[in-house]
Number of protein chains: 2
Amino acid sequence: MARASTTKDAFNAVAEPRRREILDALAGGEHSVGELAQSLRVAQPVVSKHLRVLRDVNLVARRDQGRRRLYRLNGAALRPIPEWLRRYEESWSQAFDRMEMVLQTVEAQEERQDRQGAET
Amino acid sequence: MARASTTKDAFNAVAEPRRREILDALAGGEHSVGELAQSLRVAQPVVSKHLRVLRDVNLVARRDQGRRRLYRLNGAALRPIPEWLRRYEESWSQAFDRMEMVLQTVEAQEERQDRQGAET
DNA sequence: AGAATACATGCCTATATCAGCATGTCTCAA
DNA sequence: TTGAGACATGCTGATATAGGCATGTATTCT
């Protein structure tokens with residue numbers, strides 16, 4: 001089997017750097033395909049295809065304006081990601097705790113050193 | 001060109017469902033390859049390969065114990081993801097707040113660490 | 001020492017992209 | 001109506017997996 005389809009979920013859609021760039025651009029507001037292609041400096045078909053993927057997972061919405069297609073972000077579709085990440089907040093906390101311990105150790109050592117220095 | 005290498009960053013590593021399962025399992029604590037294979041009901045080589053990817057992006061760490069290899073989670077490596085997501089915070093606000101707090105805490109901690117390092 | 005256990009890798013197959021190029025469709029301008 | 005502009009798609013080539021199977025290596029057991 002090959003890798004899971006990119007159109008399957010937000011995780012895969014967002015795994016592609018170029019698509020993250022597109023989302024970042026759209027975070028600033030609605031944009032046409034051409035505008036995106038220009039600002040990201042990539043060929044139009046490339047942008048269209050990525051937008052297709054993003055649209056399939058509902059990360060962006062489209063609106064027609066004359067012969068232009070305006071895309072806008074739908075950040076809500078990103079939710080599964082932070083939701084999954086929540087499980088690891090604790091990991092960060094643990095990492096934080098470890099750092100905290102190291103820090104305290106270092107500080108304690110420095111204190112001792114200071115006292116020693118003051119005593120001599 | 002094909003999709004960017006999976007070993008490139010946390011985004012890609014986490015895009016694979018099976019790898020997320022592995023991380024979820026490791027969130028509960030250290031586990032050997034065999035244990036993971038059994039609980040996820042997949043062949044051992046499959047697990048080994050996914051662990052390889054996770055290890056390449058530093059999401060897991062390995063420790064040898066006899067002929068077993070114990071893997072443990074390194075949640076800190078996930079950070080680039082919530083950091084990127086921050087930009088989309090407003091999209092789902094509430095659920096995000098907690099993660100935001102954790103992030104800021106970690107950052108503050110790292111700043112202190114940096115200053116500490118600079119002083120020495 | 002020899003066998004069994006626990007893994008990591010290599011090889012192979014089917015599949016899924018990603019970007020480039022060409023083309024079809026629809027809309028606006030002259 | 002004809003032509004240009006803005007996109008969406010189809011097709012192609014190169015590449016990167018994911019999982020299955022077999023095998024190589026290191027460690028523990030008998």
Side-chain angles (χ1 to χ4, degrees), chain A residues 1-26 29-72, chain B residues 1-26 29-72:
Chain A
M1 269 173 80
R3 186 187 287 183
S5 173
T6 216
T7 68
K8 200 176 176 183
D9 58 41
F11 285 95
N12 278 289
V14 156
E16 167 65 45
R18 200 96 50 182
R19 279 196 289 265
R20 255 174 290 159
E21 287 179 24
I22 291 179
L23 292 177
D24 288 342
L26 293 180
E30 220 173 29
H31 284 295
S32 71
V33 177
E35 290 168 349
L36 292 171
Q38 194 160 31
S39 70
L40 301 189
R41 303 192 172 192
V42 290
Q44 169 263 311
V46 171
V47 175
S48 284
K49 286 170 187 170
H50 281 307
L51 284 169
R52 173 66 169 153
V53 172
L54 293 173
R55 208 157 71 93
D56 283 343
V57 296
N58 198 36
L59 269 168
V60 301
R62 192 169 70 178
R63 178 169 77 85
D64 287 21
Q65 182 201 54
R67 55 188 157 183
R68 303 201 313 156
R69 265 76 190 287
L70 300 180
Y71 284 83
R72 64 174 175 288
Chain B
M1 266 174 82
R3 185 188 286 185
S5 172
T6 215
T7 69
K8 202 176 176 182
D9 58 41
F11 285 94
N12 277 288
V14 156
E16 167 63 44
R18 199 94 50 182
R19 278 195 290 267
R20 254 174 291 161
E21 286 178 25
I22 291 179
L23 291 177
D24 289 342
L26 293 180
E30 220 173 29
H31 284 295
S32 70
V33 176
E35 291 168 350
L36 291 171
Q38 193 160 32
S39 70
L40 301 189
R41 303 190 173 193
V42 291
Q44 169 264 311
V46 171
V47 176
S48 284
K49 287 170 186 169
H50 281 307
L51 284 170
R52 172 67 168 150
V53 172
L54 293 172
R55 208 156 73 90
D56 283 343
V57 296
N58 197 36
L59 270 169
V60 301
R62 193 170 68 180
R63 178 168 77 86
D64 286 21
Q65 183 201 56
R67 56 189 158 183
R68 303 201 314 156
R69 267 76 189 287
L70 300 180
Y71 284 83
R72 64 175 176 288

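All values below come from the heavy atoms of this structure, side chains included, with hydrogens, waters and symmetry mates left out. Chain letters run A, B, ... following the sequence lines, proteins first and then strands; every chain starts at 1.
Nearest nucleotide to the B:Arg52 side chain, out of C:dT9, D:dG19, D:dA8: C:dT9. Here the side chain of A:Tyr71 is nearest to one of D:dG19, D:dA8, D:dG20, namely D:dA8.
At D:dC7, one or more side-chain N or O atoms of A:Ser32 fall inside 4.0 Å of OP1 or OP2 (strictly under the cut-off). Side-chain N/O atoms of B:His50 include one lying less than 4.0 angstrom from OP1 or OP2 on D:dG19. When the side-chain nitrogen and oxygen atoms of B:Arg18 are compared with OP1 and OP2 of D:dG19, one or more of them lie within a distance under 4.0 Å.
Distance B:Leu51 CG to C:dA6 P: 16 Å, rounded to the nearest Å. Remark: P of D:dA8 and CG of A:Asp56 are 12 Å apart, rounded to the nearest angstrom. Straight-line distance from the CG atom of B:Asn12 to the P atom of D:dA18: 10 Å, rounded to whole Å. Atom pair B:Gln38:CD and C:dC7:P shows a separation of 11 Å (rounding to whole Å applied). Spacing between atom CD1 of A:Ile22 and atom P of D:dA8 amounts to 11 Å, rounded to whole angstrom units. Per the geometry, NZ belonging to B:Lys49 stands 12 Å off P belonging to C:dA8, to the nearest Å. In this structure, B:Arg62 places its CZ atom 12 Å from C1' of D:dA26, rounding to the nearest Å. In this structure, CD of A:Glu35 is placed 13 Å from C1' of D:dC7, rounded to the nearest angstrom.
The residue A:Arg55 sits apart from the nucleic acid: no heavy atom pair falls under 4.0 Å.
Interatomic distance, CG of A:Leu40 versus CZ of A:Arg18, reported as 8.0 Å (0.5 Å rounding).
Here A:Glu35 pairs with A:Arg68 under the salt bridge (Lys or Arg N to Asp or Glu O under 4.0 Å) rule; sequence neighbours left out. Every residue two or more places apart in sequence or in another chain that forms a salt bridge (Lys or Arg N to Asp or Glu O under 4.0 Å) with B:Arg63 is listed here: B:Glu30. Applying the side-chain hydrogen bond (donor to acceptor under 3.5 Å, both in side chains) rule to B:Asn58 yields no partners; only residues at least two apart in sequence or on another chain are considered. Residues meeting the salt bridge (Lys or Arg N to Asp or Glu O under 4.0 Å) test with B:Arg62, sequence neighbours left out: none.
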(message) Does the protein touch nucleotides 22-30 of chain C at the base, only the backbone, or not at all? Give it as B, S and - per nucleotide, heavy atoms under 4.0 Å.
(response) B----BB--
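For the pair A:Asp24 and A:Arg20, the salt-bridge criterion is not met [side-chain N within less than 4.0 Å of a carboxylate O].
Pairs passing the side-chain hydrogen bond (donor to acceptor under 3.5 Å, both in side chains) check and including a residue from residues 36-45 of chain B, sequence neighbours excluded, read B:Gln44-B:Ser48.
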